Amino acid sequence: MDLVTALGQAGAGRGDLVGLAVAPDGTVAVAVAGAGWMAPASAVALADRALRPRWVTWSQDTALRLVPAGARLATCWDVAAVHRLLFGGWRADPGWAWAHLRGLPPGEVPAPGERTPGAADLFDAAEEDAAASRAAASDGGRKDPVGPDGYLSREWTRGGWADSPVRLQAWARLAREAAELQGAALAGKEGGEAGVATARSESTAELLCAELATDGLPMDRAVAEQVLTRIIGPRPRDEAASAAVRAARDGEVLRHAPAGVTADLRSPVQVRSLLAAAGVEVPDTRAWRLEEFRDSHPLVAALLQWRKAERIATTYGYGWLDEHLGPDGRLRGSWTGSDGAAGRMTASNGLHNMPAAMRAAVIAAPGHVFVRADLGQIEPRVLAAVSADQALAAATSADDLYLPVAAQLGVDRPTAKVAMIAAMYGQTTGHGGQAGWRMRAAYPVARAYLDSADRSARAGRDLRTYGGRLVRMSGGGGSGTPGADAARVAARGRYGRNALIQGAAAELFKMWAVTVRARALPLGARIVLCLHDELLVHVPAGHAQQAARLVSDCLAETARRWAPGSLGARDGQGGEGAAGAPVRFIADISVVRCWADAK
DNA sequence: GATTTCACGTA
DNA sequence: CGTACGTGAAATCC
């Protein structure tokens, strides 16, 4: 019997939770509450299209094994992603998440594969031996993954889950059980509806992450090498040539040094001495600090230029290309759906901090273009939404939100912008001057929201974003800690304020991204980069305009579903839904062949 | 050899 | 005009 039929007979339909586990060797197990099956990845893909259940996975690892096998799932419930949402922090392995769901103290949960030194190691070895013999005694695969103490068996969490088909099915079933516990936990909370919606988009964002990692970012190798040649010279033929290039680059700076003075430019300490010898006294040698001395001595300008080239040479040079740009012209790195703090996506291998100059090499494949879209003024708009400040929400109807804000405050636009950003992220002193005080008066609801976040964070109380993500403020230097001096307390306040805005923006962004991912699929469009508020979609040229429109429509759809008081979204909570003005979100969208051509 | 500090790229 | 992240080299710790 094929998987579609089996799942259908088990009653699994659209949106129903179906457990899914994939062993490192690619073996796939599928499970519902009372049954389990082994299936090839292709059958999972077929069942996804036919039934569209919500596949439950322990983590992104599942999709990372399925996507290369051609199975791209529509939606999922990712236990790790939802764990981070519910409980905060970064750690989210099965044993850790399970202990939290069961209300067990997580302190004893070992990291998967963790080997603690000394006596603990001996203990672990003994425990594992005992587990192995118990498993053998009870026919090799039937031992319960949940131990008598309620924790997951460390023998299972350290890889034993994949040891047999029976175990793999049990692991899939257990993921499903964890998902149901998570769903219940979310539904029980204040604003549970939003939490469940966030859990779903955060989960599906993990599928997107696996696809981003697998597909990579289109990059033209020849153009990339041209860019590098312009900045750091041609590719050195050997180590000697490389050293010569470095020496020449250093010489361009050191020739401005006073006679007889030299330094290793890679050593901040020596650079500081070098600058002192040239009459420039600085506490450190960071670029922003050196900027004001740019004209005091030619050494400074030369050094700043050297730093730029050195950054490219060491981090984004030929070695970087060789290591991360595949023969298929795709730049690849790993992706996480949420960092440990506010929940933004992260990427490795420089995908998120590539120097702007390298964007010239990000070029669509033949016959394709990019639809590039970035959210405009996302943070103040998100603030209007999450705080439900009607005055600020009214300002979001403008394409440039800072114009009505400036008019309201009676200041010019740059002043209004600085005051807004200071309010959201926290000026270090006072209330940001006259504009800051007017801001607080003009937008009292937003002000109260930020003040409340600031107070809670200072006091070490945990916060939750609008979408329900826990931002941990407790533990590690909480309130009342003697070492928590005024500066550190203030920093915590800024962190908390920032996390609620940045976190909510990240949730909106991911909901937008997974919506685009789903809707754009029929056009052959693929998201190839996510950059906090920017999407890069790779699409066949013939569908570019359709895709651009779709990206815009998806933002409107997402905003309706996400924003409070917006066009009927989130009503049913005491009827306040219709009270607020809708918050308008905007995106700047362009169709380009090269990323550098956007904007 | 592992960890921390400095620095800097992106948003 | 603050926060976050990832990276690499030097400095420092053990």
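Note that these values count all heavy atoms, side chains included, but never hydrogens, waters or copies made by symmetry. Treat the numbers as computed from the prediction; the structure is a model and nothing was measured.
A:Ile421 places a side-chain heavy atom less than 4.5 Å from the side chain of A:Tyr402.
In this structure, a donor-acceptor pair under 3.5 Å is absent between the side chains of A:Arg561 and A:Ser201. At a cut-off of 3.5 Å, with distance as the only test, no side-chain donor of A:Thr285 or A:Arg272 sits close to an acceptor on the other residue.
Residue-level contact check: A:Arg272 touches neither bases nor backbone, having no heavy atom under 4.0 Å from any strand. Backbone-only contact: A:Ala347 has heavy atoms under 4.0 Å from sugar-phosphate atoms and none from a base. Nucleic acid contact class of A:Arg344 (heavy atoms, under 4.0 Å, all strands): base. If you check every strand for non-hydrogen atoms under 4.0 Å, A:Ala287 touches sugar and phosphate atoms only.
Out of C:dT7, C:dG2, C:dA10, the shortest distance to the side chain of A:Arg494 is found at C:dG2. Of the candidates C:dA10, C:dC1, C:dA11, the closest approach to any side-chain atom of A:Arg266 belongs to C:dA10. Nearest nucleotide to the A:Arg286 side chain, out of C:dT3, B:dC8, C:dT7: B:dC8. Considering only side-chain atoms of A:His532, the nucleotide from C:dG8, B:dA11, C:dT3 that sits closest is B:dA11. Among the nucleotides C:dA9, C:dG2, C:dC5, the one closest to the side chain of A:Thr314 is C:dA9. For A:Arg311, the side-chain atoms get nearest to C:dT7 when compared with the rest of C:dT7, B:dA11, B:dC6. Comparing C:dA4, C:dA11, B:dG9 by their nearest atom to the side chain of A:Ser267 picks out C:dA11.
Within the 4.0 Å cut-off from OP1 or OP2 of B:dC8, not a single side-chain nitrogen or oxygen of A:Asn353 is found.
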